Peer 1: 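Let me begin by handing over the structure; questions about it come next.
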Amino acid sequence: MPERINYNLDNGEVKINAMIRIMAHVVFAGVILFTLQAFVCLMFWGRVSNTISNNSHTMYYSQIYLKYCAIFTAVALFIYYMLKTVRFCGLQKRLETNKVLNDLILLPFAAMLVWALISTFKSPNIEKSLYGSGYINEGYFTVLQYATVFLSAYSIKDEISFSKKTIAYIFIALAGIIELSLLCAEAFNFPIAKYVFLGVFNNSNHFGYFLAMSATMTFGAVVYSKNNIQSVVVSLLLMLNVYYLFVSNALGANLAYLGGIVFIVCSGFISKKLKWKRLLFALGLSAAVTLIIEVGGRTNLWKSYIELLDDVKRIFLNYKNGGGEDVSSAGTSRFGLWSRTIKVIARVPWFGKGLDLYYSNNIYDPSLDVAHNEYLTMASNIGIPGLVMYSIALVWWFVRAIMARKYLSHVDLILLSGAFAYLISAVFGNSFTYTYPYFLLFFALSIQSRPGKGLEYELLQQQNDGIILSTTHILRE
């Protein structure tokens, strides 16, 4: 097999590289397990418990299925990075040093983890902020679980060439299977629907945020499908996604889907990969399904859009007139929740009130429900600095995608659109353990490498491939 770059690897280097590749595939298996978590919603034998509490607290955080996946993947990640550290220290230091700049985007996440830990120990109820409480159950242990989900996807996105495409299409197929199951249950009057909102999704809003991502990514798959068979399959899945997205009656999720479509159009145009005929076909398909559903009376979303516009107008006029009117009911009372959360943030702007302290746990506003805005929730939990660190990572991710626009693949564009759709839905709700791990997967997989100028970027790709080629060549000998 010809090599573009010859590294003259000795047997020790070959063994380390081979072990790293094996552990990368183990981590990849963990990522697939994370992706399959939504299947838990189709459990037929009873309620899917979201927490297990006992005196030791050893099993008192996050969704059970996701927790065990995180434990498995965390062990694999530890071994994977230990092996990479060995390679960095004594074997292929030059190549690893070239990759350091690509990983700088992890710094705001690392700083955020540290800040969240400090906020946890400054919490008025350290125990509940550490282990979690309530239906969200998002204590610091769950935050560490999120870190595992993100880092596992990030670590294998370039290590395994087919990882992005595999995860993207597994997710699209997964959503289709769930929706087909629900359709059959509806047709045969099987009581499966009541189990959907117990455990994984919890309620129709969280299921809606999941559908916003799946509908957006399926829409992108229709636009970028490569052959007729694939086009037919993803077109049918798009119809199912749009149907259940609208039937869920989650306005925030539908706004996220519209934003996702706009993102697909803009990103495809900027990267010069947009297929206009397929775009028009996907738009027509979505519009047709939407019209049929609305005329059939299955949703009241058009009415919801009108109410949303009226609420925005009412808030604007109230602000213009100097206040006085009670507008807390605007946006299905979300505006009132946001206003009260901002007041809590103002009281504890640096470290927040502590993770997962709502209802009677929140000493700053004991009657406050969750903010139904992920960004405000984050600021109230771990302070404004924590939100700033998170925002820096998001902006960095977006800038990297723009800088690498010439190198974006169709799968990159699909993953980017799914992550973007979630970011919009996060303005109107907070899903956390129910659908947030999916965002972390798409976010991590769509982070682009730091591109150089011209040949420099091409050589970086050749270096990555060169090690694999050299290892394979020597192992075959």
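Just so we're clear, the structure is a prediction, and the values are computed from it rather than from any experiment.
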Peer 1: Is a side-chain donor or acceptor of H410 paired with a backbone partner of L274 at a separation under 3.5 angstrom?
Peer 2: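 A pair under 3.5 Å: no.
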Peer 1: Step by step, work out the side-chain contact (heavy atoms from CB on, under 4.5 Å) result for Q448 and Y407.
Peer 2: CA-CA 9 Å; Q448 301 302 304; Y407 307 101; 5.7 Å; no
Peer 1: Using modelled atom types and a 3.5 Å cut-off, is there a donor and acceptor pairing between side-chain atoms of Y80 and backbone atoms of I156?
Peer 2: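 No.
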Peer 1: Rounded to the nearest 0.5 Å, what's the gap from CG on L357 to CG on N381? Could you check?
Peer 2: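 Interatomic distance, L357 CG to N381 CG, rounded to 0.5 Å: 7.5 Å.
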Peer 1: Can you confirm if the NZ or CZ of K277 lies within 45° of the ring axis of F281 and under 6.0 Å from the centre of its six-membered ring?
Peer 2: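 Negative - K277 is either too far from the ring of F281 or too far off its axis.
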Peer 1: Tell me which pairs pass side chain to side chain donor-acceptor pair (under 3.5 Å) where either residue lies in residues 414-428, with sequence neighbours left out.
Peer 2: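 Of all non-adjacent pairs touching residues 414-428, those that pass side chain to side chain donor-acceptor pair (under 3.5 Å) are E374-Y422, Y422-S431.
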Peer 1: Can you name the side-chain contact (heavy atoms from CB on, under 4.5 Å) partners of N249, sequence neighbours left out?
Peer 2: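 N249: side-chain contact (heavy atoms from CB on, under 4.5 Å) contacts with T299, N300, L301.
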Peer 1: Measure centre to centre between the rings of F34 and F171, then say whether the value is under 6.0 Å.
Peer 2: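 No, they do not, as the ring centres are separated by 6.0 Å or more.
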Peer 1: Check whether the ring centres of F162 and Y169 lie less than 6.0 Å apart, and answer yes or no.
Peer 2: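 Ring centres of Y169 and F162 not closer than 6.0 Å.
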Peer 1: Yes or no on salt bridge (charged side-chain N to carboxylate O under 4.0 Å, His left out) for D311 and R314, after CA distance, side-chain angles and deciding distance?
Peer 2: CA-CA 5 Å; D311 284 344; R314 186 154 59 98; 3.2 Å; yes
Peer 1: With sequence neighbours excluded, tell me which residues meet side-chain contact (heavy atoms from CB on, under 4.5 Å) with S119.
Peer 2: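 Partners of S119 under the side-chain contact (heavy atoms from CB on, under 4.5 Å) test: W115, F351, I382.
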Peer 1: With a 6.0 Å cut-off on ring centres, are Y436 and F439 close enough?
Peer 2: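 Yes, the ring of Y436 comes within the 6.0 Å limit of the ring of F439, centre to centre.
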Peer 1: Yes or no on side-chain contact (heavy atoms from CB on, under 4.5 Å) for N430 and N373, after CA distance, side-chain angles and deciding distance?
Peer 2: CA-CA 6 Å; N430 34 252; N373 179 300; 5.8 Å; no
